[in-house]
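Residue numbering restarts at 1 for every chain, and letters A, B, ... go by the order of the sequence lines.
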Amino acid sequence: MHIGKYISLVHRTEIDLVKAFRLVADAHRDEVDVYQICMLLSSWSQSLSDDVQIFAEKYGEENDDEPDRLTQTLLKKARKGGMALLRDLHDLYLIVSEAEVCCAILQQGAAGLRDDALMLTCEEIERQSKRQLSWIYTRMRSAAPQTLIAAG
Amino acid sequence: MQASRDSIIDIWGERSPYRGEWPVRVDQCTSEEPDHWVQSACVLCSNGCGIDIGVKNGRIVGVRGRKEDIVNFGRMGPKGLHGWVANNSKDRLTKPLIRENGKLREAGWDEAMNLIVQRSKEIIEKQTSLGIGFYTSGQLFLEEYYTLGVIGKAGLGTPHMDGNTRLCTATSAAALKASFGSDGQPGSYSDIDTTDCVLHFGHNIASQQTVLWMRILDRLAGPNPPKVVVIDPRETYTAQKATVHLAPKPGTNIPVMNGLLHLIITAGHINRAYIDAHTVGFEELEKIVTEWPPERVEKLSGVPAAKLREAARILGTTRSLVSTVLQGVYQSMQATAAAVQINNLHLVRGLIGSDGCGIYQMNGQPTAQNTRECGADGDLPAFRNWSNKEHVQQLAGLWNVELHKIPHWSPPTHAMQIWRFAEAGSIKMLWISGTNPAVSMPELSRIREILQKEDLFVVAQDAFMTETTKFADVVLPAAIWGEKTGCYTNVDRTVHISHKAVEPPGEARSDFDIFIDYSRRMGFKDKDGADLIKWNTPEEAFEAWKECTRGRPCDYTGMSYSKLTGGSGIQWPCNEKFPEGSHHLYTDGVFNTAADYCETYGHDLDTGAAVTQEEYKAIDPNGKAFLKGSDYIPPHEAPDEEYPLWLTTGRLVYHFHTRTKTGRSKELHEAAPDGYVQISEEDAAKYNIAEGDMIEVASRRGKIVEPAKIGGIGPGIVFVPFHYGYWDNEERPRAANELTITEWDAVSKQPHFKYAAVKISKTGGILDKIGEAIETIKEKFKPGET
Ligand code: SF4
């Protein structure tokens, strides 16, 4: 059984997100809303990772030898400025998407195992990930025209 | 001054006890006997009292209430009775000014306008119109906003247009949209005439809308008076009349409202049939509020569980209910989420759309509603949805321009973001009309820095030199109320006409004429090469606006200048179906939420993330209202060791905004000549502060020095009125917004003026003497102000 692998993937991605949201928050403090909402979304990922932790213990977290491809390459260091904000949000979007995909797969496993508690947790991760994506998408779209056209 | 009463001392006047029809009482204040009267409406708060302007020899000499007007039946409050004298003030701006070698000098209109046009074109050349932003007001007229809206959207094509209404009513609009699918107040002031219960949430109505408060006082003095529930951290005039007063700590509105709804739902005091037939989202809401038993609410908010229960019993059992909401909610944490809870309360109880049941998500300013309707706050005119192509196409058709000319690819830029773009340097021209951001915006040191930026070209359009015009590159002298004709709409959708009574001073021009002049000089055309702005007079603009509203919730098509003249104001929608206007919206329980009709697809209340068209269509509520809940999010700044107290800001009964008008009335000025800092008896003892001592209040962003006023507020909380700036007193830092925070609500983008962490200390020496000089304040403000 490899379900532990996906539990671990989801778990690690959420932990990465806790850090990633903080990183972007700190780098773009001058964009007050970005700072505050990123801090909020970081706290969501924290509580999601806590939720998954329980199942990591239950099924045995199985660390993949494969490194996390996305978080390895994305958002190593947040950058400063308007274009950087757009790029950082873009990176965040990809990492949250990764969490969402991992979770969708895990959810299938949970259904097969008829593990209702894990199902519920997956649903919660899916719901919160969608909200995170939705905010990032909204914020990127509103920053884009000014950044691409008017900024010096 | 000849007046029907001394409204400075007797703020609300004599009682006319009633239930049913509010008796007439005509209030008046004149300096001389007018030779004629001209129909108008008051512009000193959002209540929108119908009044007449008294004129003698071409000068305004007074005002009186219009007895036939459904808003006030003749009454007026102190601001309205005295504020008109500002029109005659000797220091009105009468000529355009241009900055040259660092100084403002007089100029002609041609020179000033050509300079603005030249700069506009240079900026557009380099950056497109995304380099230009407009920051307007809640005090222009409908015709002016609509004209400006069309210029911005179809002439320049910039999404950067917003008003100071962002600071005062943005949450009202956001909450109405979130619950009902579009802006528009469901209720009518006439609901007060028969209601059994009134709830004021973060709204010190007694000081803010004095005439509306008279209506409530008269009900309280009459047979079967309504119960009054007040939620406000301070013991205001309003709170003193409450049956139950809940005084939550700053930042805890959501826990209190969740707690109330929880009690009402568990007591079974809900209207199941109404919920099932007319709403979506009840289960989700119930789940969220269940987490808030009264004991938990008490722990967080300081509101005793027993009091919460009592309030819930009143609100849960009353057969009719009027609720009003204002800045205590709108300018606090989770503003939209908390305001929406009031809509939820009415929806779960089925108390909406009938006599005695009204929700007033109040506005602050007299014409704020029109900024929202006309699109001068960035929204699309007549409550159209910028993410619905059909709606944008309707406007393109109406204005005869290509669809892509109208910016609709991303949300309109809210004011806080416009200022941020200016700060970051991607907006190069900021056109400010009828507002004074150098006193009214949060964190003033930052605002001053932005206004002084070398690469920002600032145009300021005003009637007076203000703290803001001081920094402008071009100052345009504006004609104001009484000197131009136009319409405006108050909180309960009552539209009034205000006729021109006198000529503006010197070369001052109406905002309407200034905007049209700009449009012509810029050469804005429609797609057939004709002038984009096809009107020259306010009445023609009103006719164009009517067409824009056809079939939309704010339908004006049944109105005209002649219909609005002579009698009372009229409540929209006013059209073929409702030729005399409408008291209520949603009488049939059908809301404006259908996917092809709604003004917005909605937002996540916690993050502000926008719901997309596809997502919305998938859940199309098709006329049902939304019940939306939200859990508590703690404030971003809270008292700590270094800054141990909560700051909250607010207004006084005698002043409006930054006092550009009210500060010029001798009576109003003398009634409240200076700012102050209000603290509790406990804190006064702790810091060894006596009444009138000069106190320094400091936050992480700045500091001010104010005389102390003790009592009427809870321990740990500090209150400072926000009206006072520097145009008439530069001796000490005294603007409350030196202290406030740059941050805003996730959905409405309204800044959080109602909380910040501060510390206080006594100042010594010369400032104490200033304290003595304004001892009088003590007498004037005996009961808790605002
Ligand atoms: S209540 Fe408002 S509108 Fe009425 S007179 Fe007073 S300031 Fe003017």
What part of [X] is in contact with chain A, defined as an atom under 4.5 angstrom from a non-hydrogen atom: side chain, backbone, both or neither?
X: B/Thr742; value: both
X: B/Gln417; value: side chain
X: B/Ala746; value: side chain

Can you see which heavy atom on [X] is nearest to which on [Y], and at what distance?
X: B/Asp606; Y: A/Trp44; result: CB-CZ2, 4.4 Å
X: A/Thr138; Y: B/Gly608; result: CG2-O, 4.2 Å
X: A/Pro145; Y: B/Leu130; result: O-CD1, 3.8 Å

With heavy-atom distances below 4.5 Å as the criterion, would you say the side chains of [X] and [Y] are in contact?
X: B/Met416; Y: A/Val32; result: no
X: A/Asp33; Y: B/Trp744; result: yes
X: A/Ser134; Y: B/Asp604; result: no
X: B/Ile427; Y: A/Gln146; result: yes

Problem set entry | Contacting region of A/Ile136 [heavy-atom separation from chain B under 4.5 Å] |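 Contact with chain B involves no heavy atom of A/Ile136 at all.
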Rounded to the nearest 0.5 Å, what separation is found between the [atom1] atom of [X] and the [atom2] atom of [Y]?
X: A/Tyr137; Y: B/Thr612; atom1: OH; atom2: OG1; value: 7.5 Å
X: B/Thr607; Y: A/Arg139; atom1: OG1; atom2: CZ; value: 12.0 Å
X: A/Trp135; Y: B/His603; atom1: CH2; atom2: NE2; value: 13.5 Å

For this session: State whether the number of non-hydrogen atoms from other residues, nucleotides or ligands found under 6.0 Å of A/Arg87 atom CZ is greater than 12.
Result: no
For this session: Might you confirm whether atom CZ of B/Arg420 has over 12 heavy atoms from other residues, nucleotides or ligands at distances under 6.0 Å?
Result: yes
